[in-house]
Amino acid sequence: QVQLVESGGGLVQPGGSLRLSCAVSGSIFSFYDMGWYRQAPGKQRELVATITSGGTINYADSVQGRFTISRGNAKNTVYLQMNSLNPEDTAVYYCNVKPTTISPRYWGQGTQVTVSS
């Protein structure tokens with residue numbers, strides 16, 4: 001079984017920063033890619049950023065230049081550093097992992113990020 005647990009969300013003022021963490025555990029021995037998605041109220045879930053085992057990174061246009069995705073040294077943790085946050089970034093952020101090219105994606109429970117004055 002694979003479990004993903006996100007942490008680091010919270011309330012932040014516009015222009016502030018947060019760092020999200022995702023810990024992966026269970027019967028997983030490789031990572032094709034890991035990433036972050038988000039879902040705002042009334043909106044569909046959308047890609048934020050992904051990183052492959054080889055280090056290839058993909059960002060949504062809306063966050064490029066402000067957010068940075070990275071993997072921990074232990075390779076069982078993925079981070080999302082979020083800078084210059086604005087109210088449009090308010091959403092539940094979900095971590096995901098795809099163990100191999102033919103595996104399904106696994107999802108965490110989500111962590112709330114609220115950007116407000």
Side-chain angles (χ1 to χ4, degrees):
Q1 298 183 18
V2 178
Q3 292 185 336
L4 294 82
V5 179
E6 302 98 332
S7 62
L11 175 65
V12 64
Q13 295 183 355
S17 299
L18 285 174
R19 191 185 193 196
L20 306 183
S21 300
C22 175
V24 182
S25 63
S27 56
I28 183 170
F29 305 100
S30 64
F31 300 95
Y32 176 70
D33 67 39
M34 302 176 67
W36 293 91
Y37 287 68
R38 67 185 182 186
Q39 187 168 25
K43 302 292 182 65
Q44 65 181 4
R45 187 175 299 186
E46 65 177 356
L47 169 74
V48 177
T50 59
I51 183 169
T52 70
S53 61
T56 301
I57 295 173
N58 182 41
Y59 293 105
D61 290 342
S62 60
V63 307
Q64 198 155 31
R66 300 187 297 121
F67 291 9
T68 303
I69 189 171
S70 62
R71 292 178 63 183
N73 292 332
K75 305 300 182 183
N76 65 342
T77 305
V78 62
Y79 303 99
L80 185 69
Q81 178 67 46
M82 305 186 295
N83 299 326
S84 301
L85 287 163
N86 57 63
E88 290 70 36
D89 296 315
T90 296
V92 177
Y93 285 70
Y94 297 90
C95 180
N96 80 86
V97 60
K98 188 177 179 66
T100 73
T101 57
I102 61 173
S103 299
R105 291 189 179 274
Y106 296 88
W107 298 88
Q109 84 289 348
T111 184
Q112 177 70 48
V113 172
T114 302
V115 185
S116 176
S117 298

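Note that the structure is a prediction, hence the values are computed from the model and not measured. All residue numbers in this chain count up from 1 along the given sequence.
- Not a single side chain to side chain donor-acceptor pair (under 3.5 Å) links S21 to another residue, sequence neighbours left out.
- By the side chain to side chain donor-acceptor pair (under 3.5 Å) test, T52 is found to be paired with no residue, residues two or more places apart in sequence or in another chain being considered.
- Applying the side chain to side chain contact (heavy atoms under 4.5 Å, CB included) criterion to S116, with sequence neighbours excluded, gives L11, T114.
- N58 meets the side chain to side chain donor-acceptor pair (under 3.5 Å) test with no other residue; sequence neighbours excluded.
- In the displayed structure, Q3 atom CD is contacted under 6.0 Å by at most 12 heavy atoms of other residues, nucleotides or ligands.
- With sequence neighbours excluded, no residue forms a salt bridge (Lys or Arg N to Asp or Glu O under 4.0 Å) with E88.
- Applying the disulfide (SG to SG under 2.5 Å) test to pairs two or more places apart or on separate chains, those with a residue in residues 8-65 are C22-C95.
- With a 4.5 Å cut-off on side-chain heavy atoms, R71 and S53 count as touching.
- Scanning all heavy atoms of the two residues, the minimum distance from I69 to Y59 falls at N-OH, 3.0 Å.
- Judged as a side chain to side chain contact (heavy atoms under 4.5 Å, CB included), and not counting sequence neighbours, the contacts of S103 are P99, T100.
- Judged as a salt bridge (Lys or Arg N to Asp or Glu O under 4.0 Å), and not counting sequence neighbours, the contacts of D89 are R38, R66.
- With a 4.5 Å cut-off between side-chain heavy atoms of Ile, Leu, Val, Met, Phe, Trp and Tyr, the cluster of Y37 takes in L47, V92, Y94, W107.
- A salt bridge (charged side-chain N to carboxylate O under 4.0 Å, His left out) check over residues 101-115, counting only residues at least two apart or in different chains, returns the pairs D33-R105.
- F67 and Y79 are not part of a single hydrophobic cluster, where members link through side-chain heavy atoms under 4.5 Å apart.
- Looking at T68, its side chain never comes within 3.5 Å of a backbone N or O of Q81 through a donor-acceptor pair.
- Residues forming a side chain to side chain contact (heavy atoms under 4.5 Å, CB included) with A40 (at least two apart in sequence, or on another chain): K43, A91.
- Residues passing the salt bridge (Lys or Arg N to Asp or Glu O under 4.0 Å) test with R19, sequence neighbours excluded: none.
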